[in-house]
Structure formats: structure tokens, C-alpha cells
**Student:** 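Quick one: structure below, then a few questions.
Side chains are part of it too, since the values below use all heavy atoms of this structure and drop only hydrogens, waters and symmetry mates. Remember, it's 1-based here, ligands and their atoms both numbered in the order they're listed.
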Amino acid sequence: MDVELIRLTKRYGGTLAVDAIDLKVPSGAYCCLLGPSGCGKTTTLRMIGGHETVSGGDVVIGPKAVGDATPAQRGTAMMFQSYALFPHLTCRDNVAFSLRMRGMGKAERRAKAMAMLDLVQMAHLADRLPAQLSGGQQQRVALARALVTGPKVLLLDEPLSALDPFLRVRMRVELKRIQAELGLTFIHVTHSQEEAMALSDLVVVMNAGRIEQAADPRTVFERPATAFVARFIGGHNVITLPDATIAVRADRMRLGAEAGDGAVPARVVAVEYQGTSVHVGLEAEGLSPSGGGASPVTAILSDGAYSARPVALGDVIPLGWDASAAHRLQA
Ligand code: ADP
Ligand code: MG
């Protein structure tokens with residue numbers, strides 16, 4: 001089902017945690033709420049799921065505003081950051097628990113629980129206790145438990161943050177597969193731009209209780225709306241010119257003979273080898289990246305382009321960029 005937020009607001013005393021946000025998440029979309037710690041992601045998610053009261057505005061799920069409806073009445077389920085499995089119950093009984101609460105018979109709830117464990121590739125460990133599972137396995141069980149009641153919208157709060165980097169990437173692929181297979185709307189909170197880019201149909205970049213930009217990943221990367229988005233997404237230089245602030249993709253900066261007409265002299269202050277690419281940090285008079293002037297501009301060169309024309313710390317070389325890669329930011 002689609003989810004719409006209308007002027008949704010949350011105040012905690014004097015803190016405005018969520019500031020009158022509007023958002024439409026289409027049915028079946030994978031949506032990530034992306035932003036730094038404290039920007040209001042969890043509060044937004046909890047208001048969607050009915051785990052937090054709203055101070056103003058509405059949450060609309062499917063055809064109707066949900067008001068004070070319980071999570072079950074809304075058709076949402078939440079997967080928490082801590083998996084919160086019952087330690088004394090097996091995987092199967094953990095997944096079946098909420099069905100038991102709903103009065104479903106034993107045979108039926110066991111069958112449903114096994115089907116969900118199968119979906120998350122945990123059926124073979126159905127009889128184990130949570131303490132006998134790895135973190136990644138516990139997380140699959142938590143996912144099965146959130147899905148077993150047949151929600152229309154799954155809410156996930158930093159579901160991958162407790163996993164090591166290798167498992168995180170694997171689970172990311174699994175989440176996307178399961179979401180596509182079930183055709184559900186997923187709303188996933190993360191502070192990782194890489195995770196949001198990899199998963200999302202819709203990336204919602206939040207800052208200080210507000211939405212800075214909501215768009216598909218490519219649009220967010222190609223046309224960041226604000227300096228905040230450009231910096232948070234990464235891979236861009238935010239450059240303040242006399243008449244505008246622009247974002248230029250770091251991989252579209254041009255050095256040396258390729259720098260072109262408007263080039264300015266720049267001093268090489270960092271060279272970082274990254275395998276497939278080399279990141280060159282440069283300081284230039286008159287370019288005031290990030291508004292401060294102190295932090296350097298980054299140029300990302302392919303390893304081939306760099307090794308054809310290497311630079312050294314202290315070199316002063318022409319610096320420019322593809323005009324087509326410069327994108328004007330909202331003030
Ligand atoms: P995020 O999930 O993006 O890190 P949160 O939604 O948890 O951010 O928090 C947003 C803001 O609301 C923060 O300033 C936080 O301190 C505040 N906040 C969150 N929960 C509470 C609460 N229960 N009481 C008071 N302030 C809260
Ligand atoms: Mg949070």
C-alpha cells in the first residue's frame with residue numbers, strides 16, 4: 001500500500017524532531033529515509049508505524065488516514081535495530097509467536113512460520129534458540145517474524161547496522177530480493193548513503209527534521225537539490241562562486257592539459273590511491289569549496305588516467321571541470 005505523510009510533525013518539549021514533512025511513498029516502493037544521527041528518521045518511522053503519537057499532521061496508509069490505529073490495524077510491521085528475539089523460544093516459535101497471540105491454531109501457525117523461515121533461508125535452523133545463531137542469522141529470524149503477520153508496509157530501523165561490512169552487503173541483497181518477491185512497501189531508515197543508494201527506489205534525504213530532497217537515487221546523485229544533499233551523498237565538490245553555489249561531481253573534475261578554458265591554478269595537497277581510482281585533493285585560490293575555503297576540492301581520476309599523468313604533493317596544476325557536470329544548488 002502507498003504511504004503518504006502530510007505536514008507530519010513531532011515535538012518533544014522544545015525539540016522539533018520532525019518538522020511538517022510531506023512525502024508520498026508509492027505502493028511496492030523500497031524507500032530509504034537517509035540522514036545524519038538526530039535528523040528525525042526514527043521518529044518519522046515510529047509515527048508511520050503507530051509506535052509514537054504525532055504532534056501534528058497525518059499519516060495516510062492506503063486509502064485512509066490512520067489516526068490512532070494500532071500497528072496491526074494499519075497493516076504495518078516494524079523490524080527493530082535490536083532484533084529483540086525471545087531467548088527461550090526457538091526460531092520457529094519466535095516467528096509463530098504473534099500468530100499465537102492472534103489465536104491461530106498450532107498447525108497453521110507452524111506452517112506459516114516455516115514458510116517465512118524458508119523465505120529468509122533459515123528453515124534448516126528452525127529448532128535453534130537465538131543464542132545458537134550468528135548476528136546475521138538472528139536478523140533473518142527477526143525479519144521473518146516481522147513479515148509473518150502479512151503486513152502491507154514493512155518498517156526497518158537501521159536493520160543492517162549491527163552486521164559486519166561483508167554480511168551487511170549480503171543482507172542488503174536479501175532485503176531487496178524479499179521486498180521484490182513479496183511486492184511490499186519497505187521504509188528503511190539508514191545513515192549510510194551507500195546503503196540508501198543500493199536499495200532505494202526512493203531516497204528521502206533528511207536534515208534537522210525536514211526533507212531536503214526525495215527522489216530516485218540517480219536524480220539525487222546527478223542533481224542534488226541542496227549543498228547538504230551534495231555533501232551527504234558524497235562524490236561531489238560544493239563550490240561557492242561569486243554568483244552561485246554549485247555542486248560538481250568529483251569524477252568530472254579535470255586536471256592539467258584537460259582542464260579547459262576556465263581553469264584555475266591549484267596546488268595538490270593529497271593523493272590517495274583507491275585501487276580503481278585515485279583521489280587527488282587540491283586547493284585553489286578563488287574556489288571556496290564547502291563555503292569555508294580551507295577544505296580542498298577532490299578530483300577522482302580513474303587509475304588509468306592518473307597513471308598516464310601522475311601528480312605529486314605540492315605540484316601547482318590547472319584545475320577545471322566539465323561545464324555539463326556543474327549543477328546549481330538551491331540557496
Ligand atoms: P534519528 O533516528 O534520525 O537519529 P531521532 O528521530 O531518533 O533521530 O531523533 C530526532 C530528534 O528528536 C533528536 O533531536 C532526538 O534527540 C529527539 N528525540 C527522539 N526521541 C526523543 C524522546 N523520546 N524524547 C525527547 N527527544 C527525543
Ligand atoms: Mg534513529
Side-chain angles (χ1 to χ4, degrees), residues 3-25 29-61 66 68 70-71 74 76-85 135 138-139 142-143 146 151 153-165 167-168 171-172 175 179 185-200 202-215 217 220 224-234:
V3 176
E4 186 172 0
L5 311 181
I6 303 167
R7 310 289 297 163
L8 187 66
T9 303
K10 181 68 189 185
R11 270 184 225 91
Y12 293 109
T15 308
L16 193 52
V18 177
D19 185 4
I21 60 175
D22 292 305
L23 179 67
K24 276 188 179 169
V25 182
Y30 203 120
C31 170
C32 284
L33 305 183
L34 171 67
S37 178
C39 72
K41 305 180 298 293
T42 293
T43 304
T44 301
L45 199 72
R46 290 173 56 82
M47 287 193 287
I48 296 169
H51 301 279
E52 186 66 82
T53 57
V54 311
S55 308
D58 276 314
V59 176
V60 181
I61 299 178
V66 291
D68 304 327
T70 64
R74 294 171 188 230
T76 59
M78 176 90 99
M79 190 174 129
F80 295 96
Q81 188 170 353
S82 63
Y83 314 130
L85 298 175
Q138 289 182 39
Q139 204 218 24
L143 180 60
V153 179
L154 186 68
L155 308 171
L156 308 100
D157 193 357
E158 309 251 4
L160 305 177
S161 61
L163 304 179
D164 67 52
L167 261 184
R168 198 178 302 149
M171 264 318 281
R172 190 163 90 189
L175 282 177
Q179 185 261 346
T185 309
F186 273 34
I187 304 180
H188 172 138
V189 161
T190 178
H191 60 265
S192 159
Q193 56 83 22
E194 185 194 319
E195 198 169 297
M197 289 298 207
L199 284 167
S200 300
L202 177 63
V203 183
V204 179
V205 185
M206 293 183 68
N207 177 29
R210 314 199 68 144
I211 293 175
E212 296 258 337
Q213 188 169 15
V220 170
T226 63
F228 178 86
V229 175
R231 290 195 191 105
F232 198 80
I233 287 293

**Student:** Is there any N or O on T15 that sits under 3.5 Å from an N or O of ligand 1?
**Tutor:**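 T15 vs ligand 1: no N/O contact under 3.5 Å.
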**Student:** Considering only NZ, NE, NH1 and NH2 on the basic side and carboxylate oxygens on the acidic side, decide whether E194 and R172 come within less than 4.0 Å.
**Tutor:**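 Salt bridge flag = yes for R172 with E194.
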**Student:** Return a yes/no value: protein heavy atom under 4.0 Å from atom 16 (O) of ligand 1?
**Tutor:**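 False for atom 16 (O) of ligand 1.
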**Student:** Using a distance-only test with no angle check, is there a side-chain donor-acceptor pair under 3.5 angstrom linking H188 and E195?
**Tutor:**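 Side-chain D/A pair, H188 to E195: present.
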**Student:** Who gets closest to atom 6 (O) of ligand 1 by heavy atom: T43, D157, T190, N207?
**Tutor:**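 Looking at heavy atoms only, the winner is T43.
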**Student:** Report the distance from atom NZ of K24 to atom SG of C31, rounding to the nearest 0.5 Å.
**Tutor:**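 Rounded to the nearest 0.5 Å, the NZ-SG separation comes out at 14.0 Å.
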**Student:** Could you find the nearest protein heavy atom to atom 13 (C) of ligand 1 and give me its residue, atom name and distance?
**Tutor:**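 Minimum-distance protein heavy atom for atom 13 (C) of ligand 1 reads G38 O, 3.7 Å.
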**Student:** Mind checking whether the Mg ion (ligand 2) has an N, O or S of T42 under 2.8 Å?
**Tutor:**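 So T42 does bind the Mg ion (ligand 2) by this criterion.
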**Student:** Starting from atom 19 (C) of ligand 1, find the nearest protein heavy-atom neighbour and note its residue, name and distance.
**Tutor:**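 Its nearest protein heavy-atom neighbour is Y12 CE1, 3.4 Å.
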**Student:** Ignoring hydrogens, just give me the one of G40, S37, A208, G35 whose non-hydrogen atom is nearest atom 8 (O) of ligand 1.
**Tutor:**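 Result: the heavy atom closest to atom 8 (O) of ligand 1 is in G40.
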**Student:** For atom 12 (O) of ligand 1, which protein heavy atom lies nearest, and how many Å away is it?
**Tutor:**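 The protein heavy atom lying closest is A17 CB, 3.2 Å.
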**Student:** Taking atom 22 (C) of ligand 1 as the reference point, report whether a protein heavy atom occurs under 4.0 Å from it.
**Tutor:**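 Flag for atom 22 (C) of ligand 1 set to true, protein heavy atom closer than 4.0 Å.
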**Student:** Would you check if L160 and L175 make a side-chain contact, meaning some heavy-atom pair closer than 4.5 Å?
**Tutor:**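 Yes, at least one pair of side-chain atoms sits under 4.5 Å.
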**Student:** Looking only at protein heavy atoms, which one is nearest to atom 7 (O) of ligand 1, and how far off is it?
**Tutor:**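 Checked against all protein heavy atoms, atom 7 (O) of ligand 1 sits closest to T42 CB, 3.8 Å.
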**Student:** Are any non-hydrogen side-chain atoms of R11 and T9 less than 4.5 angstrom apart?
**Tutor:**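 Yes, at least one pair of side-chain atoms sits under 4.5 Å.
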**Student:** Begin with the C-alpha distance, continue with both residues' side-chain angles, and end with the deciding distance and a verdict on side chain to side chain donor-acceptor pair (under 3.5 Å) for T15 and K10.
**Tutor:** CA-CA 8 Å; T15 308; K10 181 68 189 185; over 6 Å; no
**Student:** For the side chain of R74 and the backbone of I48, is there at least one donor-acceptor N/O pair under 3.5 Å apart?
**Tutor:**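 Between the backbone of I48 and the side chain of R74 there is a qualifying donor-acceptor contact (under 3.5 Å).
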